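The next block holds one structure in the form of structure tokens; read it before the comments.
In this text, all values refer to a predicted model and were calculated from it rather than measured experimentally. No hydrogens, no waters, no symmetry mates; every other heavy atom, side chains included, goes into these values.
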Amino acid sequence: MTKFQIKRVYDDPNEADGYRVLVDRLWPRGMKKEDATLDEWNKDVAPSSELRTWFGHKPERFREFASRYEKELTANPAVDEFRRRTKDKKIITLLYGAKDTESNQAAVLQKFLTSR
């Protein structure tokens, strides 16, 4: 069974990260692609641009954001494809660029993937 964990893309990578996947639709500000130490950038499992813009990282909107994002994930075939491709990975670290370490899309995605 795969263990999903989350981490800011700006934090230093380490071996405990396992397979590192950026799950933001936009490239993180100030991060050079060659410095990211990624195995994959999966924009297809990130929230839609409309949902991301609506949320705007406002804490008071997080609960509704999480609910809407879970609905997007349920209907998104890219999630099943991601699971198929990574089923043999023991640890997958979902990387995100947001400053908020608790109320972000990677936390919602981690919960969603873990519950499936």
Side-chain angles (χ1 to χ4, degrees):
M1 182 160 168
T2 302
K3 176 185 174 189
F4 293 95
Q5 53 193 21
I6 63 172
K7 185 175 188 178
R8 287 193 79 217
V9 70
Y10 302 103
D11 295 340
D12 291 334
N14 63 54
E15 290 201 20
D17 291 345
Y19 190 77
R20 293 169 50 90
V21 182
L22 178 62
V23 293
D24 279 346
R25 191 163 296 277
L26 302 175
W27 188 259
R29 290 181 187 179
M31 171 71 63
K32 293 180 182 179
K33 290 187 180 182
E34 58 271 12
D35 294 340
T37 317
L38 299 178
D39 294 299
E40 178 180 340
W41 179 16
N42 194 330
K43 298 180 243 182
D44 296 329
V45 298
S48 66
S49 294
E50 296 80 16
L51 181 57
R52 180 183 51 77
T53 301
W54 172 83
F55 174 44
H57 296 286
K58 295 179 180 169
E60 67 273 12
R61 291 185 178 175
F62 182 70
R63 182 173 281 178
E64 179 64 21
F65 166 78
S67 176
R68 291 182 187 189
Y69 183 32
E70 286 174 9
K71 287 178 186 170
E72 286 187 357
L73 290 168
T74 300
N76 186 347
V79 175
D80 290 333
E81 171 57 26
F82 174 69
R83 291 298 302 260
R84 275 192 295 279
R85 283 187 300 99
T86 59
K87 69 181 181 209
D88 295 330
K89 307 292 182 195
K90 292 185 191 275
I91 299 172
I92 296 176
T93 298
L94 305 171
L95 302 167
Y96 62 95
K99 291 179 184 177
D100 189 328
T101 59
E102 294 178 20
S103 301
N104 61 67
Q105 82 279 5
V108 177
L109 181 58
Q110 176 191 32
K111 180 180 172 190
F112 184 86
L113 292 171
T114 301
S115 70
R116 299 282 183 279

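- To the nearest 0.5 Å, atom CZ of residue R68 and atom CD of residue E50 are 11.5 Å apart.
- When all heavy atoms are compared, the tightest approach of P47 to Q105 is CG-CB, 3.5 Å.
- One finds the CZ atom of R61 at 14.0 Å from the OG atom of S103 (value rounded to the nearest 0.5 Å).
- V21 belongs to a hydrophobic cluster with F4, I6, Y19, V23, V45, L51, W54, F55, F62, F65, Y69, L73, V79, F82, I92, L94, Y96, V108, L109, F112, L113, counting contacts under 4.5 Å between side-chain heavy atoms of Ile, Leu, Val, Met, Phe, Trp and Tyr, direct or through other members.
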T86 vs T2, side chain to side chain contact (heavy atoms under 4.5 Å, CB included): CA-CA, chis, key distance, verdict: CA-CA 9 Å; T86 59; T2 302; 5.9 Å; no
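- Heavy atoms only, all atoms of each residue included: I91 and A16 are closest at CG2-O, 3.6 Å.
- Applying the 6.0 Å contact sphere to CZ of R116 captures more than 12 heavy atoms from other residues, nucleotides or ligands.
- In this structure, E102 and D100 approach most closely via the heavy-atom pair N-OD1, 2.9 Å.
- Taken from CG in D12 to CG in D17, the straight-line distance is 9.5 Å, to the nearest 0.5 Å.
- The nearest pair of heavy atoms linking D24 to K43 is O-CG, 3.8 Å.
- Among all heavy-atom pairs drawn from A36 and R20, the shortest one is O-NH2, 3.2 Å.
- Shown here is K7, whose NZ atom has more than 12 heavy atoms of other residues, nucleotides or ligands within 6.0 Å.
- Between atom OG1 of residue T74 and atom CG of residue D80 there is a gap of 9.5 Å, rounded to the nearest 0.5 Å.
- At a threshold of 4.5 Å between non-hydrogen side-chain atoms, the residues P28 and L95 do not count as touching.
- Note that OG1 of T93 and CG of N14 are 8.0 Å apart. Values are rounded to the nearest 0.5 Å.
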Working note: R84 + E81, criterion salt bridge (Lys or Arg N to Asp or Glu O under 4.0 Å); need CA distance, chi angles, decisive distance, verdict. CA-CA 5 Å; R84 275 192 295 279; E81 171 57 26; 3.4 Å; yes
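- The minimum heavy-atom distance between Q110 and Q5, with the atom names listed, is NE2-CA, 3.5 Å.
- Distance check, rounded to the nearest 0.5 Å: CZ of R52 to NE2 of H57 gives 7.5 Å.
- For E15, the CD atom sits in a loose shell: 12 or fewer heavy atoms of surrounding residues, nucleotides or ligands are nearer than 6.0 Å.
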